[in-house]
Amino acid sequence: VATRSPDMLQSAIEAGERAGLAEEEFVQARSLLVEEEHKSHARDLLRRAVGNRDMDALQSAISEGERAGLDARELEDARQILSEEQRRKEARGEVSTAIDSGDLERLHEAIAEGEAAGLEEGELEHARKALAEAEAKEAAQQRLAAATQTTDPELLRAALEDAEAGGVPPEDIDEAKQTLAKLDALESLKRATTGFGQGAEPCEQEATTDDPQETLGNLTCKRPSCSPNKDTHTRAKAEIFDEEALDDGSSDEDLVKALRQRLKKLHVTPADALAQCMRCPAIASLGPGAADDGFLPLVD
């Protein structure tokens with residue numbers, strides 16, 4: 001009985017039965033045999049569970065060992081392995097959640113925890129790929145945000161291409177596209193106003209009298225810096241704007257206002273247009289039927 005070995009206990013009981021011992025002599029031995037057989041079974045379960053590292057098997061074997069009365073030292077390895085496997089299981093869940101979220105910080109944390117928990121590299125492969133995509137996305141977002149703050153449409157256009165390829169949220173892309181459209185429109189306005197009237201010819205002829213016949217014989221020239229009027233050649237009017245060039249610091253509102261003002265100055269009536277085409281300002285002031293007098297100049 002002192003050995004508490006199931007095999008030896010079983011042999012001793014069988015020997016006692018052959019010797020004709022009274023049944024009460026076997027009570028302690030039979031009780032110990034049942035107890036030791038239970039412990040032996042629990043040890044077998046623990047060995048198998050530790051070998052395959054299955055969480056359910058480990059939990060079941062530990063519970064069985066506790067019921068069988070195994071001491072803490074015999075359960076220590078199984079409990080340690082169960083703790084490791086539980087951590088791995090939780091790490092796998094964190095990795096999966098981080099991949100679904102696409103969040104850069106969560107992916108970093110999940111991968112670090114997976115490595116610490118001892119996950120296989122294959123289990124972290126998708127997470128690393130998702131991390132690389134998230135980093136590219138964040139970089140594209142930062143470039144897009146910086147480009148949106150500039151006034152360079154080409155820089156913003158390039159940043160938009162990177163953002164669309166990098167999976168930047170549609171709302172950010174739509175906002176940047178609106179900014180790009182605004183910059184393109186602003187650039188068009190600047191091209192329309194910058195250097196307006198360069199190469200214009202000076203005002204060659206201006207009427208000095210209301211009499212058309214006298215005007216044809218007495219036309220004078222004035223400098224393009226004169227105030228524009230209906231008799232001033234269109235390109236001469238444009239020459240005046242050289243002194244009103246707009247710089248890059250002009251606001252959108254100022255540009256639109258300036259362009260409208262210049263268009264107003266350049267507006268001509270059909271009579272003005274004919275006068276300018278024929279390079280004879282006096283035509284614009286002719287009365288009805290005056291063209292029939294035969295004094296109008298020929299046009300090449």
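Note that the numbering runs from 1 along the sequence shown for the chain.
Across Ala117 and Ala91, no two heavy atoms sit closer than the pair CB-CB, 4.0 Å. Pairing each heavy atom of Ala42 with each of Gly65, the nearest pair is CB-CA, 3.7 Å. For Lys137 against Gly167, the heavy-atom pair with the smallest separation is CE-O, 3.4 Å. Nearest heavy-atom pair, Ala140 versus Val168, reported as atom, atom and distance to 0.1 Å: CB-CG2, 3.8 Å. The two residues Pro153 and Leu180 have their closest heavy-atom pair at O-CD1, 3.4 Å.
Asp172 pairs by the side chain to side chain donor-acceptor pair (under 3.5 Å) definition with Gln141, not counting sequence neighbours. Qualifying side chain to side chain donor-acceptor pair (under 3.5 Å) partners for Gln80, counting only residues two or more places apart in sequence or in other chains: Glu84. Residues passing the salt bridge (charged side-chain N to carboxylate O under 4.0 Å, His left out) test with Glu164 are Lys177, sequence neighbours excluded. Applying the salt bridge (charged side-chain N to carboxylate O under 4.0 Å, His left out) criterion to Glu175, with sequence neighbours excluded, gives no partner residue. When the salt bridge (charged side-chain N to carboxylate O under 4.0 Å, His left out) test is applied to Glu74, the partners found at least two apart in sequence or on another chain are Arg43. The salt bridge (charged side-chain N to carboxylate O under 4.0 Å, His left out) test applied to Lys129 returns no partner, not counting sequence neighbours. Evaluation of the side chain to side chain contact (heavy atoms under 4.5 Å, CB included) rule for Arg128 yields Ile111, Glu115, Glu121, Leu124 as partners, not counting sequence neighbours.
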Which donor-acceptor pairs under 3.5 Å do side chains of residues 103-110 form with protein atoms, sequence neighbours excluded?
| residue | atom | partner | partner atom | Å |
| --- | --- | --- | --- | --- |
| Asp103 | OD2 | Glu105 | N | 3.3 |
| Asp103 | OD2 | Arg106 | N | 2.9 |

Residues 143-152 side chain polar contacts: donor-acceptor under 3.5 Å, at least two apart:
| residue | atom | partner | partner atom | Å |
| --- | --- | --- | --- | --- |
| Thr148 | OG1 | Leu144 | O | 2.6 |
| Thr150 | OG1 | Ala147 | O | 2.7 |
| Thr150 | OG1 | Asp152 | N | 3.4 |
| Asp152 | OD1 | Glu154 | N | 3.0 |
| Asp152 | OD1 | Leu155 | N | 3.3 |

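Within the structure, side-chain hydrogen bond (donor to acceptor under 3.5 Å, both in side chains) contacts touching residues 58-68 (residues at least two apart or in different chains) are His38-Glu64, Glu64-Arg67, Glu66-Arg79. Listed by first and then second residue, the side-chain hydrogen bond (donor to acceptor under 3.5 Å, both in side chains) pairs that reach into residues 88-102 are Glu85-Arg88, Arg92-Glu123, sequence neighbours excluded.
Counting heavy atoms of neighbouring residues, nucleotides and ligands inside a 6.0 Å radius, atom CD of Glu171 exceeds 12 of them.
Leu58 shares a hydrophobic cluster with Leu46, Val50, Met55, Ile62, Leu70, Leu75, Ile81, Leu82; the chain of contacts runs through ILVMFWY side chains whose heavy atoms sit under 4.5 Å apart.
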